[in-house]
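Protein chains get the first letters and strands the later ones, always in sequence-line order, with residue 1 at the start of each. Remember, predicted model here, so these are calculated numbers, not experimental data.
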Protein chains: 2
Amino acid sequence: MTQDGPERPANLPHAPTLEEVADLAGVSRSTASRAINGGLKVSPEAQAAVDAAVAELGYTPNRAARTLVTRRTDSIALVVPEPDEKVLNDPYFAGTLQGLSAALAETEIQLILLIARRGDEAHRTTRYLRNGHVDGAVIVSHHRDDALESVLAQSRLPCVFVGRPWTTPRPVQYVDVNNYLGGRRATEHLIATGCRRIATIAGPLDMAAGVDRLAGWRQALQDAHLSDTAMVRGDFTAASGAAATEQLLAAHPDVDGLFAASDLMASGALGVLARHGRRVPQDVRVIGFDDLGVAASTNPPLTTMANPVVEMSRVAGELLLEQIARRATSVEPRIFSAEVVVRESA
Amino acid sequence: MTQDGPERPANLPHAPTLEEVADLAGVSRSTASRAINGGLKVSPEAQAAVDAAVAELGYTPNRAARTLVTRRTDSIALVVPEPDEKVLNDPYFAGTLQGLSAALAETEIQLILLIARRGDEAHRTTRYLRNGHVDGAVIVSHHRDDALESVLAQSRLPCVFVGRPWTTPRPVQYVDVNNYLGGRRATEHLIATGCRRIATIAGPLDMAAGVDRLAGWRQALQDAHLSDTAMVRGDFTAASGAAATEQLLAAHPDVDGLFAASDLMASGALGVLARHGRRVPQDVRVIGFDDLGVAASTNPPLTTMANPVVEMSRVAGELLLEQIARRATSVEPRIFSAEVVVRESA
DNA sequence: CTCCCCGGTGGGATCGCTCTCATGCACCGG
DNA sequence: CCGGTGCATGAGAGCGATCCCACCGGGGAG
């Protein structure tokens, strides 16, 4: 019946092509194509025949062939600067993935994880992004010196940042949580519950989230006429939080309140505080930032600022899809707010 | 100097094509192609001319066009069953990503994250995998009832499982840690440090890791003639660990040792134990499993079994690359061992 | 001297799809 | 009865790469 071409070994079944679907349905390639892509100007009979043929053969359009002509790739990149465990292990990243995957769930769009090594290999990433291998990109956790930002702004590739970009020669769309206000509210919560000597473990100062949360902390203290000198830097990880707390206790033994710019750092801090015999919250009140699972399972459970990462990156995904569909309404950033979640540590 | 073709709007720069490279280099498309792909049978002059042209134009081969003819996609899928936060938030997943990305770092191969929803949409995933959209797949965290396994075994798609698959009509390659031995050693460690009433919080019993660690726990207890009745199920998350511990304390108030099949569950357990006034390790010794960052920052720091996930999935990536290159040496599984990491909880 | 081999080259077919365009046909108003 | 309108259809031209094959010229073997 089927006469195998001599060029293809019989045991290696090849994916069905549109041509085969068309033959089986008794229509032309063109009609089959129309039926599969939305079905405009296709008679019900033809549509039904094609649908049946597709089901029977288990046909999936060859993405490469389609991409070649439409110049759409039906895939977007999630760009993560830095390959190391820092980013990947962060629940923030997991949340981004979850939100983005939710945004893409209804579409046929695939998610490509682009782990952008810095330095030499960086231009490989930017070239990949610029030369039409993806329809758009979501950039997460980027640092001040990432060249990405300007490269992407110059190229016409649709992209959305999760977290405020640094400079914008051409405005770039982004979603973010109001980190400044979050930092301020967290600190105000500490003040309201009686703290007078309030320290912070800041995030990396080459990331907007780090700078803004610190600024919020500072403003709240100045408004309350309290000292804003007890500051130590961390890098959002638990280990850095622990180390920072050691420094803090040595330099400012009188602290009675601590705002950590991430829950991971706060959890590191809790351990060190316990080891130093400081009770939380009786001796030192601690508030974190993020509330992405870690906070609920520390000891004591962590009071923190809820960071709507999942929702935020779902929106980022949707904005990107809009840009790609050229329905780009505006490049206005979408800012979410972080709310206090009271548990036991403050 | 550059004379823009009239057919394409000037403000929308198009990616350079091989043809343009060839023209600029003064050679034919064929020669340019050869020069770019390894340079066999290309004269040094031609090679140099092409290299220069590539650099000048910033040429990147059009992946779609290449894929169409070579039938390689230069991308592999990381298949994650279940979209929910459970998997994505697990440091195990982060470790997999890290290892895999390390294996691909030297290649031009892109990583596609395939989040496989179950039920209705499941066949969309398998169809995607079968119909040549990727060159291979790494499957992580799969469950007993995932249809994936048999589908993949039947298709000829190169694939490697991270974690032992359930059944293998045709042997499927995998990497794994020896969970049985890990569970046994963890329990033996508790026995050696004096525990006599040893409980476990097991992982999901539809995952090989859950079953095997439980079997190891049971064997160690039987060998030591101790009771193996104190078992509660969890799902690897911290919340489930906390809930399981509540049950455990109610049913078996005399426990003095606890083996949690994951660090997250162990950290949940630590919180509950503290709340019930049980001191760790004095009253109850606790040992976890994984050692992927969480363990070091619990309070007290968690004694656990080191699970070489990153290394393991790097090897998975390399095995996959070998399969793809048809240098598939064997389908022998690669088994790693989990070693005790002593901290303070046991 | 002739033949063949082989490194280097270019022409063209081809991968599977979409899209433009021409064609056929039914239906409507004039 | 005829020209126009519009829907459904099919033929054919590409998209940008790879790869097969024919070709060319020079050097070694017969």
Side-chain angles (χ1 to χ4, degrees), chain A residues 5-8 12-51 53-54 57-75 108 131-133 135, chain B residues 5 7-8 12-50 53-54 57-75 108 128 130-133 135:
Chain A
E7 67 282 51
R8 190 181 294 282
L12 231 167
H14 76 137
T17 72
L18 182 59
E19 190 98 43
E20 293 168 6
V21 170
D23 285 355
L24 184 60
V27 298
S28 72
R29 225 178 37 242
S30 310
T31 303
S33 176
R34 265 176 243 129
I36 285 164
N37 301 310
L40 263 74
K41 302 200 178 186
V42 175
S43 67
E45 307 83 59
Q47 182 73 53
V50 172
D51 287 348
V54 165
L57 297 176
Y59 171 77
T60 321
N62 181 316
R63 254 173 142 95
R66 176 179 279 178
T67 295
L68 192 54
V69 45
T70 60
R71 298 169 171 286
R72 273 182 296 109
T73 63
D74 287 329
S75 62
E108 292 282 292
N131 280 19
H133 296 305
D135 295 342
Chain B
E7 66 282 49
R8 191 178 294 280
L12 229 167
H14 77 138
T17 72
L18 182 59
E19 190 99 42
E20 292 169 8
V21 171
D23 284 356
L24 184 60
V27 298
S28 72
R29 226 175 41 241
S30 308
T31 303
S33 176
R34 274 185 294 255
I36 286 163
N37 301 310
L40 264 73
K41 303 199 179 184
V42 175
S43 67
E45 307 83 59
Q47 181 74 52
V50 172
V54 166
L57 297 177
Y59 171 78
T60 321
N62 180 316
R63 255 172 140 94
R66 178 179 276 179
T67 295
L68 192 54
V69 47
T70 61
R71 299 171 168 284
R72 272 182 295 108
T73 63
D74 288 329
S75 62
E108 291 281 291
Y128 182 84
R130 281 214 323 257
N131 281 17
H133 296 305
D135 295 342

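Taking each heavy atom of A:Gly58 and B:Asn131 in turn, the nearest pair found is O-ND2, 3.3 Å. The two residues B:Tyr128 and A:Arg63 come nearest to each other via the heavy atoms CE1-NH1, 3.7 Å. Residues B:Arg66 and B:Ile36 approach most closely at NH2-CG2, 4.4 Å, considering heavy atoms. Of all heavy-atom pairs between A:Val42 and A:Arg34, the closest is CG2-CB, 3.6 Å. Of all non-hydrogen atoms in B:Arg29 and B:Glu19, the two that sit nearest each other are CD-OE1, 3.5 Å.
Taking atom CD of A:Glu45 as the reference point, atom C1' of D:dT9 lies 12 Å away to the nearest angstrom. Nucleotide D:dC7 holds its P atom 10 Å from the CG atom of A:Leu40, rounded to whole Å. Rounded to whole Å, atom C1' of C:dG7 lies 15 Å from atom CD of B:Gln47. One interatomic measurement links the two molecules: NZ of B:Lys41 to C1' of C:dC5, which rounds to 11 Å at whole-angstrom precision.
For the side chain to side chain contact (heavy atoms under 4.5 Å, CB included) test with A:Val21, the passing option among A:Val50, A:Asp51, A:Val27 is A:Val50; the others fail.
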Strictly under 4.0 angstrom, non-hydrogen atoms only: write out the protein contact profile of nucleotides 17-23 of chain C, one letter per nucleotide from the 5' end, B, S or -. BBB----
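Within the nucleic acid shown, A:Ala46 comes within 4.0 Å of sugar-phosphate atoms alone, with no base atom in reach, counting heavy atoms only.
With rounding to the nearest 0.5 angstrom, the CG atom of B:Asn62 is 9.5 Å from the OG1 atom of B:Thr17.
Of the candidates D:dG16, C:dG7, C:dG10, D:dG16 carries the atom nearest the A:Arg71 side chain, counting heavy atoms from C-beta on.
Between its two ends, the helix from C:dC1-D:dG30 to C:dC27-D:dG4 turns its axis by 60°, counting five pairs per end and rounding to 10 degrees.
Contact check, A:Ser28 against D:dT9: no side-chain N or O comes under 4.0 Å of OP1 or OP2.
Remark: A:Tyr59 pairs with no residue by the ring pair (Phe, Tyr, Trp, His ring centres under 6.0 Å) rule, at least two apart or across chains.
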